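Below is one structure, written out as structure tokens; comments come after it.
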Amino acid sequence: MRLLVVEDEVVMAESLRDGLENEGFAIDVASDGEEALWYASEADYDAIILDLMLPKLNGFKVCRTLRERDDWTPILMLTAKDGHLDEAEGLDTGADDYLTKPFAFVVLLARVRSLLRRKGTTKPVRLDAGDLVLDPVTHEVRRGDASIDVTPREFAILEYLLTHRGEAVSKQTLLEHVWDFDFDGGPNIVEVYVGSLRKKIDAPFDRSAIVTVRGAGYMLDPSGG
Ligand code: CA
């Protein structure tokens, strides 16, 4: 899957590049609207993440120009919380989805995957460890036949741990993958969420899928605990 990220803020652009490359996407970054149009005419992207406020041509104009060129690459538009342009306007110009800054990376990732799914080009795989199952499509978590209610943040943590099952994952890594770019709290928040996750997926079943690895973080037992 090849994505074009159009973002003029360097730190944000690099965070997106790193995060998405970690998820296995190939990423090109354009830093203004004209460059975005050039990239889009040179390569066939699976989706475009398009910032609204850009030098030269803003995101709406880029979007409209692409559609006028009969380019229907799925577009996720990013905009600021206090933006004076509203969601309806974004969708009117042909964007497929819309995300307000600041956002959690995990939310962006979910939106991107959703866009790619709509195009019918990718199918996220169901993750499992023993009888512990997480379905990224339906957002369900199950232990055997029992359905488990988790919050979006808990879901994201579990998804990350399952993706890396059998490996020690540090609190810092979880922070980077599951929390906002702008989150400035400490890694203790991770302990809180892992604690509540254990109460849902492990304790009621007398299991211990999430293992604490001293000095390293957490590991999801591939057998499901
Ligand atoms: Ca911008």
Side-chain angles (χ1 to χ4, degrees), residues 1-119 121-122 152-153 156 160 172-185 189:
M1 293 286 126
R2 185 167 178 187
L3 307 181
L4 177 63
V5 171
V6 188
E7 170 61 84
D8 56 311
E9 292 154 53
V10 176
V11 173
M12 174 66 105
E14 287 313 303
S15 297
L16 287 174
R17 182 202 288 280
D18 289 349
L20 290 164
E21 282 182 346
N22 260 327
E23 296 295 328
F25 294 102
I27 305 297
D28 291 318
V29 175
S31 56
D32 66 53
E34 286 176 4
E35 205 178 28
L37 290 176
W38 181 84
Y39 271 101
S41 65
E42 292 296 304
D44 185 16
Y45 293 97
D46 295 293
I48 299 174
I49 299 169
L50 180 62
D51 189 33
L52 173 59
M53 303 305 282
L54 291 167
K56 298 185 183 173
L57 278 180
N58 72 29
F60 288 149
K61 287 182 179 150
V62 171
C63 196
R64 198 177 294 131
T65 305
L66 288 173
R67 296 327 186 206
E68 281 166 6
R69 285 182 186 173
D70 210 23
D71 180 335
W72 296 96
T73 306
I75 292 177
L76 173 61
M77 184 91 81
L78 307 179
T79 187
K81 192 185 281 177
D82 57 353
H84 49 284
L85 298 157
D86 66 15
E87 183 164 351
E89 197 169 351
L91 296 172
D92 278 346
T93 58
D96 299 271
D97 200 0
Y98 172 97
L99 185 59
T100 306
K101 289 177 175 178
F103 49 82
F105 180 73
V106 63
V107 173
L108 174 113
L109 192 58
R111 299 290 191 86
V112 168
R113 286 191 171 138
S114 162
L115 276 188
L116 294 170
R117 262 201 308 284
R118 266 187 252 171
K119 203 183 164 195
T121 46
T122 186
R153 190 84 77 187
Y160 195 86
Q172 190 59 40
T173 299
L174 284 171
L175 265 187
E176 284 163 12
H177 285 268
V178 177
W179 269 264
D180 301 6
F181 292 112
D182 297 329
F183 178 74
D184 56 3
I189 189 77

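Since we're looking at a predicted model, the values are computed, not measured. For ligands, and for the atoms within them, numbers begin at 1 and follow the listed sequence. Residue indices begin at 1 and follow the sequence shown.
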Q | Asp18 and Phe105: CA distance, side-chain angles, deciding distance, side chain to side chain contact (heavy atoms under 4.5 Å, CB included) verdict | A | CA-CA 11 Å; Asp18 289 349; Phe105 180 73; over 6 Å; no

Q: Decide side chain to side chain contact (heavy atoms under 4.5 Å, CB included) for Lys101 and Met53; before the verdict, give the C-alpha distance in whole Å, the side-chain angles of both, and the deciding distance to 0.1 Å.
A: CA-CA 11 Å; Lys101 289 177 175 178; Met53 303 305 282; over 6 Å; no

Q: Among Ile75, Leu54, Asp28, Asp51, find the one that has a side chain to side chain contact (heavy atoms under 4.5 Å, CB included) with Val6.
A: Leu54

(Q) Please report the interatomic distance CG(Leu78) to CG(Leu50), rounded to the nearest 0.5 Å. (A) 7.5 Å

Q. Where do Leu37 and Leu66 land on the side chain to side chain contact (heavy atoms under 4.5 Å, CB included) test, with the steps shown first?
A. CA-CA 7 Å; Leu37 290 176; Leu66 288 173; 3.8 Å; yes

(Q) Strictly under 3.0 Å of the Ca ion (ligand 1): which protein N/O/S atoms qualify? (A) Asp8 OD1, Asp51 OD2, Met53 O

Q | Gap separating the CD atom of Glu7 from the CD atom of Glu14, nearest 0.5 angstrom | A | 10.5 Å

